[in-house]
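What follows is a short report on a single structure.
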Protein chains: 2
Amino acid sequence: MPRRKPTIHDVAARAGVSKSLVSLALRGSEKVSVDSRLAIEAAAAELGYRPNAAARSLADRRSRAIGVLVLDFNNPIFAQILDGVQQVAGAQGYNTLIVTGSADPIRQESELARLLEFQVEGIILIAHRLTANTIMRISDERPIAIITRRDVTGPNIDTVSNDDRSGAIMAVEYLVSLGHSRIAHITGGDNQIARDRELGYLDAMTSAGLPQHINVIPGDFTDSRGYRAAQELLTAAPDTTAAFVANDLSALGAMAAIEELGRQVPEDFSVIGYDGMALATLRTLNLTTVQQPLIEMGRLAVTNLLKRIDNPNTQPVEMRVDSQLHIAGTCGPPKT
Amino acid sequence: MPRRKPTIHDVAARAGVSKSLVSLALRGSEKVSVDSRLAIEAAAAELGYRPNAAARSLADRRSRAIGVLVLDFNNPIFAQILDGVQQVAGAQGYNTLIVTGSADPIRQESELARLLEFQVEGIILIAHRLTANTIMRISDERPIAIITRRDVTGPNIDTVSNDDRSGAIMAVEYLVSLGHSRIAHITGGDNQIARDRELGYLDAMTSAGLPQHINVIPGDFTDSRGYRAAQELLTAAPDTTAAFVANDLSALGAMAAIEELGRQVPEDFSVIGYDGMALATLRTLNLTTVQQPLIEMGRLAVTNLLKRIDNPNTQPVEMRVDSQLHIAGTCGPPKT
DNA sequence: GACACTAATTGGAACGTTCCAAGAAGGGAA
DNA sequence: TTCCCTTCTTGGAACGTTCCAATTAGTGTC
């Protein structure tokens, strides 16, 4: 097949009309006569013509693509969010360029640059690690929708997030209501989401009159770190009866350690996570958690983004979605 | 910001040189004098110039993008494969267009069309549901690399897969070696991978001298169907002591049902899965499974694809990767 | 039979790059 | 001084679309 790809000119020649008419016809304009339309469609089909998106994007200065930067694929919650993103973007005829840029902010920035060169019309950030500065600079060029974080705002930036602090409070209050008082917290590290959840923990412990039982073990949102943190916890404070873990992935790791150390969940120890990861709520794991509407968050973010693309000068939207306590099988009353 | 995006012309004007020289300089040619290079780089930085990938791709007939069609995001193993894909593609300076096209072949086909319009230089299919016909037709236009399936081949098609049949045999033989004989199989539905795994099960049962205990329950690779299938199984054949489930996700669902029906895994019932899904091998779940080198498979597929892009007339590559038994905590000897 | 009007069609200019053949500037050698 | 060689630099033509203003053909109206 040494022949090059057919272009609109080839179709025009074959159908015996001008390239302009082909362009018009293939985009479904009604000012094309029926005869011409049929001839053109036939010619296009016979040649196996495919419009060249690069040329189109150049000519009408629209790429019909949005870029998505996602922290990584290891945490399945990002896949859930992406699912929502793709649903809406696809339905609106937008392509989705997904890049996953390591946790390294420098590399994330160069991934972003690639997206921008592709002329994406907007950008979605899922759990990014970029500085406020970078984001502000980029948002000058393109609208941005940020999912899960809300610490950076600007005229061209929409956000969709849940209220991590009150979610955390909900989690701790639930443990308290079951009768726990020695409740520890395994954190998600040094980032805004983790900090908010930690603050919620501190708040809730204090207002429950349990400040003396506050116990914070540093983590980093990964399962392996959750595992190690739980080991530390049970070694250093064996009388702890429950833990609020910063996210589901870590909570799964923590549960593994807890059971390995001979404690049954939830009989001997209660664990509550955060996120609503699909697999964790699967009956096998049956993790009690604070569930975010992940797919919905993805959908909302694209919806806002596309609106802003169509109409750049609207007020920035900061959406707060409601998370809810998903009560399953990993929490129970403390052993007395 | 009513000003439009700066182009190469703006940079040229500002640096006091021609657009051609700017183009040369920014692509790092050594035939540009040091003075010019510095002036150009300075001008570009001041203006915040970004090359337009659409224009570039039009001019030199390369998009530097590959397209990935992935079945869905619900099964986390696809995320693992994608991870490998992105690693290699990114390192080679390729963008990745990812579309996830429902299980519906028709829609998958239109997603594919979108990728082709974007002038992707090659396509990766992860667990597709396309007909051989469609794939052959497309492979005429672009090189294709297929991951996990190997039922379609052609001059422009590379594949990376594991040997599902022998993997399945390995799984069943392991159960047999533990002393099981009443071993059931929950399938993955009506597709090549599922069929191969089922054939492996049938083979292994027969050669183990257990044809009378063959028991196949239809499934579809989802966790919820795995759950229902296990319920059926234990109702209809309560003396079964072990199950080989077609994939990990279904296996997790199955385990939930088994435990709900009052049987302990692995004490009362053994479960083995297939895939090596990261979360399933997490200590909490600790699923015994046949582990495919998922990330590696993604890497290999892109590597092959990029080779074929550079050099179209090489022989098609059909890679077979080795899967291995990952022995964890969900299998044990049958209760006597 | 001239006129205005509508419907269908067209060629050319843009879009922002890269490539190419050709030009300008400078330095030696004759 | 002239001429040739490098080394840098340049304008113009592509690439495959879309948009626009302009043209053609056809249809009534008076």
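As the structure is a prediction and not an experimental result, all values here were calculated from the model. A note on names: the letters A, B, ... follow the listed sequences, proteins ahead of strands, and every chain is numbered from 1. As a basis for the values below, the full set of heavy atoms in this structure was taken, side chains included, without hydrogen atoms, waters or symmetry mates.
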Quickly work out the [X] [atom1] to [N] [atom2] distance and round it to whole Å.
| X | N | atom1 | atom2 | result |
| --- | --- | --- | --- | --- |
| A:D35 | C:dA7 | CG | P | 17 Å |
| A:Q119 | C:dC15 | CD | P | 14 Å |
| B:L47 | C:dG16 | CG | C1' | 15 Å |
| A:E117 | C:dT17 | CD | P | 10 Å |
| B:R56 | C:dC19 | CZ | C1' | 13 Å |
| A:L21 | C:dA7 | CG | C1' | 12 Å |
| B:H9 | C:dA14 | NE2 | P | 12 Å |
| B:R62 | C:dT17 | CZ | P | 18 Å |

Ionic contact status for [Y] with [X], cut-off 4.0 Å:
| X | Y | result |
| --- | --- | --- |
| B:D151 | B:R149 | yes |
| B:R150 | B:E318 | no |
| A:R142 | A:E121 | no |

Minimum side-chain heavy-atom gap B:N304-B:M319 below 4.5 Å
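Yes, their side chains come closer than 4.5 Å.
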Less than 4.5 Å apart, any side-chain heavy atom of B:V17 and any of B:V22?
yes
Looking only at N and O atoms, is any donor in the side chain of A:S18 or the base of C:dG11 less than 3.5 Å from an acceptor on the other one?
no
Donor-acceptor pair (no angle test) under 3.5 Å: A:K19 side chain, C:dG12 base:
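Check passes, donor-acceptor contact within cut-off.
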Would you mind classifying the nucleic acid contact of [X] as base, sugar-phosphate or nothing, using non-hydrogen atoms under 4.0 angstrom?
| X | value |
| --- | --- |
| B:R50 | sugar-phosphate |
| A:S33 | sugar-phosphate |
| B:S57 | nothing |

Would you please confirm or rule out a distance under 4.0 Å between OP1 or OP2 of C:dT17 and any side-chain N or O of B:R27?
no
Identify which nucleotide among [options] has an atom closest to any side-chain atom of [X], counting heavy atoms from C-beta outward.
| X | options | answer |
| --- | --- | --- |
| A:S20 | C:dG11, C:dT17, D:dG12 | C:dG11 |
| A:D60 | D:dC19, D:dG16, C:dT17 | D:dC19 |
| B:S23 | C:dT18, C:dA8, C:dT17 | C:dT18 |

Comparing B:L24 and A:A54 on DNA chain D - which has the more 5′ nearest nucleotide
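Residue closer to the 5' terminus by nearest nucleotide: B:L24.
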For B:R37 and for B:R61, find the nucleotide of DNA chain D with the closest heavy atom, then tell me which residue's nucleotide is more 5'.
B:R37
